[in-house]
There are 2 protein chains.
Amino acid sequence: MKSASPQHVFRALADPTRRAIFEELTRQGEQTVHALTSFAGVSQPAVSKHLTVLKKARLVRHRRAGRETHYRAQPEALAPMADWLRAYSTFWRERFDRLEALLDGMEP
Amino acid sequence: MKSASPQHVFRALADPTRRAIFEELTRQGEQTVHALTSFAGVSQPAVSKHLTVLKKARLVRHRRAGRETHYRAQPEALAPMADWLRAYSTFWRERFDRLEALLDGMEP
DNA sequence: ACAACTCATAACCAAATGGTGATGATTCCG
DNA sequence: CGGAATCATCACCATTTGGTTATGAGTTGT
């Protein structure tokens, strides 16, 4: 499961429409472009373009079925962003350090 | 410690130069605009504009000291992004659930 | 006092971005 | 078969974005 560059992921999720599409796919599961279009409130070409950007970030996969294309979220692709967060948020890191300590066998 | 909107945070961190500035402030601590300018490789006004964006996302704070302005990272402001990640990454959630479980199990 | 320094803001510009309607390739169905 | 449906791509447009240089306000050291 190769990841896209962090830049692609950060960029892709910076747009609210794109984030909404990704959230919808995460919550509701696989959706056609048609369904996503009526959900997103923008034109079908706009949705297709957003899906292309999400695809480049590997945040979604697609599956052709007849004339429909079904998209589904690929949350593992959030890993680069999660890794970045863990590295640069001391706030966040503390919680992980506690986990590490626990797992390592509670060294005094 | 009120947080900015997730949108502000996502937007602010989508730009690589801005992310680099934030990373630098996190790693090296407080820095003047001058220092950040020589680090970032863009003009001083560009740095100032980036800092304004980061400030609106509450990712940095500033402190005036004479003619210098010192900026420092405010990693707690990453919370909206971290919350979002936790909510929409099943991958991530699993690791968290394991942490929660561990902590809860050792509670008595 | 004044020259140098630090920084924010203004004015401007090219490129990227997010949107649109039009079109065409496929696919499905009556 | 032929019309309707689904979707990607094209051509285009307005706005935003990230950068620049110029400038001005405040601060410091000589």
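Hydrogens, waters and symmetry mates are skipped; everything else that's a heavy atom, side chains included, is used. A note on names: the letters A, B, ... follow the listed sequences, proteins ahead of strands, and every chain is numbered from 1.
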Chemist: Could you pull out the closest heavy-atom pair between B/Gln44 and B/Val33, with the gap in Å?
Modeler: CG-CG1, 4.1 Å
Chemist: Can you measure B/Phe39 atom CZ to C/dT6 atom P for me and round it to whole angstrom units?
Modeler: 19 Å
Chemist: So does A/His34 have more than 12 non-hydrogen atoms from other groups sitting under 6.0 Å from NE2?
Modeler: no
Chemist: Does A/Thr32 reach a base, just sugar-phosphate, or nothing at all? Heavy atoms under 4.0 Å.
Modeler: sugar-phosphate
Chemist: Whole angstrom is fine here: how far is it from CG in A/Leu51 over to P in D/dA8?
Modeler: 7 Å
Chemist: Regarding B/Thr69, tell me which of base, sugar-phosphate or nothing describes its non-hydrogen contacts under 4.0 Å with the strands shown.
Modeler: sugar-phosphate
Chemist: Quick one: what's the B/S/- string for nucleotides 15-30 of chain D, heavy-atom cutoff under 4.0 Å, read 5' to 3'?
Modeler: ---SBBBB---BBS--
Chemist: Whole angstroms only, please: what is the CD1-C1' distance between A/Ile21 and C/dG18?
Modeler: 12 Å
Chemist: Do A/Phe39 and A/Val60 sit in one hydrophobic cluster, given that two such residues count as connected whenever their side-chain heavy atoms are within less than 4.5 Å of each other, even indirectly?
Modeler: no
Chemist: If we ignore hydrogens and angles and just use 3.5 Å, is the side chain of B/Ser89 paired with the main-chain N or O of B/Arg86 as donor and acceptor?
Modeler: no
Chemist: Indicate yes or no for a side-chain donor-acceptor contact from B/Arg18 to the backbone of B/Arg11 under 3.5 Å, with no hydrogens or angles considered.
Modeler: yes
Chemist: Does B/Tyr71 make a side-chain N or O approach to OP1 or OP2 of C/dA8 shorter than 4.0 Å?
Modeler: yes
Chemist: Please give, in whole Å, the distance from D/dC7 P to A/Lys55 NZ?
Modeler: 12 Å
Chemist: When you measure from the side-chain N and O atoms of A/Thr37 to the phosphate of D/dC7, is any distance below 4.0 Å, counting only OP1 and OP2?
Modeler: no
Chemist: With sequence neighbours excluded, tell me which residues meet side chain to side chain contact (heavy atoms under 4.5 Å, CB included) with B/Glu23.
Modeler: A/Trp84, A/Tyr88, B/Arg19, B/Arg27
Chemist: Rounded to the nearest angstrom, tell me the gap between atom NE2 in B/His70 and atom P in C/dC5.
Modeler: 17 Å
